Protein chains: 2
Amino acid sequence: MNTGNATTAEAACTDALPGAALSGPVSHAVSRVARLHRIAAGKLLKGLGLYPGQELLMMHLWDAGPVRQSELIRTLDLDPSTVTKMLQRLEQTGHVRRRPDPDDRRAVLVEATDRSCELHTAVRDAWGSLEEHTLAGLESDERTELTRLLAKVEANLCQETEGCPERG
Amino acid sequence: MNTGNATTAEAACTDALPGAALSGPVSHAVSRVARLHRIAAGKLLKGLGLYPGQELLMMHLWDAGPVRQSELIRTLDLDPSTVTKMLQRLEQTGHVRRRPDPDDRRAVLVEATDRSCELHTAVRDAWGSLEEHTLAGLESDERTELTRLLAKVEANLCQETEGCPERG
DNA sequence: CACTTTACCTTGGTCGGCCAAGTAATGAGC
DNA sequence: GCTCATTACTTGGCCGACCAAGGTAAAGTG
């Protein structure tokens with residue numbers, strides 16, 4: 001549509017703003033912010049030898065110690081196959097060790113390697129710096145409000161999506 | 001959890017909340033919300049034969065008519081290779097047509113096929129419904145505030161990331 | 001006009017992420 | 001004990017998204 005001719009008033013209007021931003025401004029913003037945020041995380045993690053997404057897994061491992069893969073899946077709320085593949089890569093890069101659970105021969109126990117633990121504080125710092133970068137210029141009450149609103153949105157999207165952890 | 005020993009006070013603390021949520025609550029929320037949002041979009045788009053991400057490209061095509069691939073790249077603010085591959089798939093599924101730009105033999109002109117235009121309103125509706133689902137239970141002023149805060153965050157992340165379109 | 005730089009796009013590889021389908025072990029009901 | 005459903009994880013396939021590197025054509029420069 002609008003195949004070149006700008007006879008309609010709409011044309012001039014939709015010129016500046018993509019149509020998606022009109023149908024769903026927040027949806028549009030969410031995807032853009034998420035992408036930029038991921039890129040920013042990637043840059044910070046690059047020097048640490050991690051890819052965005054992996055740091056969340058590792059952080060849980062550092063905090064919780066050896067856990068079953070199923071718990072990782074529940075906590076990170078990811079598809080089982082996603083976690084499997086992430087762990088295969090993390091194992092190959094030496095960040096993670098896996099061994100069979102003696103109590104349940106189906107299950108796999110996962111733990112962070114000693115070597116990876118050296119990254120612990122660096123990753124935490126990276127996330128802190130990312131958070132600061134993300135929220136730069138926002139007042140304290142704005143940050144609180146944003147957190148609150150995002151939580152509400154998350155709850156909305158959890159609805160019916162089913163499969164997200166119920167948290168008190 | 002906590003490898004058995006719960007000698008530190010922290011241990012009890014980090015039990016309920018993942019460490020990532022503590023180092024960066026908003027960062028954590030952003031990635032979670034984005035993922036859930038994408039899944040929700042995927043479900044709505046599935047019946048339309050589109051994958052999440054493709055709808056943004058198509059919406060721009062429907063609004064703007066035939067455009068150069070480079071303009072799509074700029075507008076969507078994606079990596080060129082990403083757009084190339086998306087277009088190859090969209091072409092194969094018959095949503096898009098590509099032809100060389102007569103004015104510039106390097107460039108490629110992209111346009112939505114007639115068949116795809118039938119999806120136009122359906123996609124728009126899907127996005128509207130997604131937006132409503134996302135923002136359910138939020139008052140009008142809360143929505144405004146969320147939009148404003150997300151825009152601020154986006155601007156922050158654009159900073160230094162460089163490569164995002166400068167919009168007035 | 002030749003030469004260099006820049007712009008446009010493609011290819012190949014890697015990751016996170018999903019779904020669908022499959023294997024294997026546990027647990028519940030009979 | 002035997003069947004059957006559930007749980008735990010893996011494999012393969014696909015998509016969005018990135019980067020790095022390459023090829024071709026246009027524009028800038030001498």
Side-chain angles (χ1 to χ4, degrees), chain A residues 31-32 34-46 49-58 67-93 95 98-110 161-164, chain B residues 31-32 34-46 49-58 67-93 95 98-110 161-164:
Chain A
S31 34
R32 293 181 66 83
R35 194 185 128 265
L36 292 171
H37 185 268
R38 193 180 188 79
I39 290 177
K43 288 191 177 170
L44 287 172
L45 292 170
K46 190 158 196 173
L50 288 177
Y51 288 86
Q54 299 184 333
E55 83 280 19
L56 288 161
L57 196 158
M58 293 307 300
V67 293
R68 286 200 192 169
Q69 200 160 320
S70 53
E71 194 202 310
L72 276 177
I73 291 166
R74 259 190 303 274
T75 305
L76 301 173
D77 190 27
L78 291 174
D79 190 271
S81 63
T82 299
V83 174
T84 293
K85 287 172 189 171
M86 284 175 75
L87 287 174
Q88 290 172 341
R89 284 159 188 153
L90 285 169
E91 191 172 25
Q92 200 152 17
T93 50
H95 292 107
R98 298 158 87 199
R99 64 181 139 91
D101 184 343
D103 296 347
D104 187 338
R105 269 186 291 175
R106 302 169 291 181
V108 176
L109 285 181
V110 187
T161 299
E162 179 189 0
C164 54
Chain B
S31 34
R32 293 181 66 83
R35 196 185 126 266
L36 293 170
H37 185 269
R38 193 179 188 80
I39 291 177
K43 288 190 178 171
L44 287 172
L45 292 170
K46 189 157 198 173
L50 289 177
Y51 287 87
Q54 298 184 334
E55 84 279 20
L56 288 161
L57 196 159
M58 293 306 301
V67 294
R68 286 200 194 169
Q69 200 161 319
S70 54
E71 194 201 311
L72 276 177
I73 291 167
R74 260 189 303 273
T75 306
L76 301 173
D77 191 27
L78 291 175
D79 190 90
S81 63
T82 299
V83 174
T84 293
K85 287 171 189 170
M86 283 176 75
L87 287 174
Q88 289 172 342
R89 284 158 189 153
L90 284 170
E91 191 173 25
Q92 201 152 17
T93 50
H95 292 107
R98 299 158 85 198
R99 65 182 138 90
D101 184 343
D103 296 348
D104 188 337
R105 269 187 291 175
R106 300 169 293 180
V108 176
L109 285 181
V110 187
T161 299
E162 179 189 0
C164 55

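Within every chain, numbering begins at 1; the chains are lettered A, B, ... in the order of the sequence lines, protein sequences first and strands thereafter. All of these numbers come straight from a predicted model, not from anything done at the bench.
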*Of the candidate nucleotides dG17(C), dC9(C), dC19(C), which contains the atom at the shortest distance from the side chain of Val108(B)?*
dC9(C)
*To the nearest angstrom, how far is Arg68(A) atom CZ from dC9(D) atom P?*
7 Å
*Would you find a donor on one side and an acceptor on the other, under 3.5 Å apart, between the side chain of Arg38(B) and the backbone of Ser31(A)?*
no
*Does Thr84(B) have a side-chain nitrogen or oxygen under 4.0 Å from the phosphate oxygens OP1 or OP2 of dC9(C)?*
no
*Separation of Leu72(B) atom CG from dC8(C) atom P, in whole Å?*
13 Å
*From dC18(C), dA17(D), dA8(D), nucleotide with atom closest to Met86(B) side chain*: dA17(D)
_If you go through the side-chain atoms of Ser81(A), does one of them form a donor-acceptor pair with the base of dC19(C) closer than 3.5 Å?_
yes
*asked:* Nearest 0.5 Å, please: how far is CE in Met86(B) from CD in Gln69(B)?
replied: 11.0 Å
_Nearest whole Å is fine: how far is dG16(D) P from His37(B) NE2?_
17 Å
*Find the distance Arg38(A):CZ to dG16(D):C1' and express it as a whole number of Å.*
10 Å
*Closer to the 5' end of DNA chain D via nearest nucleotide, is it Asp79(B) or Val83(A)?*
Val83(A)
*Please check the phosphate of dT10(C) (OP1 and OP2 only) for any side-chain N or O of Arg98(B) closer than 4.0 Å.*
yes
*Out of dA17(D), dC15(C), dG16(D), which has the shortest distance to the side chain of Tyr51(A)?*
dC15(C)
*SB check Arg106(A) Asp101(A) (cutoff 4.0 Å)*: no
*Would you say a side-chain N or O of Thr82(A) is under 4.0 Å from OP1 or OP2 of dC18(C)?*
yes
_Without decimals, in angstroms, what is the distance between Gln69(B) CD and dT24(D) C1'?_
14 Å
_Please check: side-chain N/O of Glu71(B) versus main-chain N/O of Arg68(B), any donor-acceptor pairing under 3.5 Å?_
no
_Counting only side-chain heavy atoms from C-beta out, which of dC18(D), dG17(C), dC15(C) sits nearest to Leu78(A)?_
dG17(C)
_Counting only side-chain heavy atoms from C-beta out, which of dT6(D), dA25(D), dC19(D) sits nearest to Lys46(A)?_
dC19(D)
*Has the side chain of Thr75(A) got a donor or acceptor atom that lies under 3.5 Å from a matching backbone atom of Leu72(A)?*
no
*Can you tell me the distance, in whole Å, between the CG atom of Leu90(A) and the P atom of dT14(C)?*
16 Å
*Of the nucleotides dC15(D), dC15(C), dA17(D), which has the atom closest to the Gln54(B) side chain?*
dC15(D)
*Under 3.5 Å donor-acceptor pair, Arg106(B) side-chain atoms to dA7(C) base atoms*: yes
_Expressed as a whole number of angstroms, how long is the span from Arg35(B):CZ to dG17(C):P?_
8 Å
*Nucleotide dG12(D), atom P - distance to CD of Gln88(A) in whole Å*: 10 Å
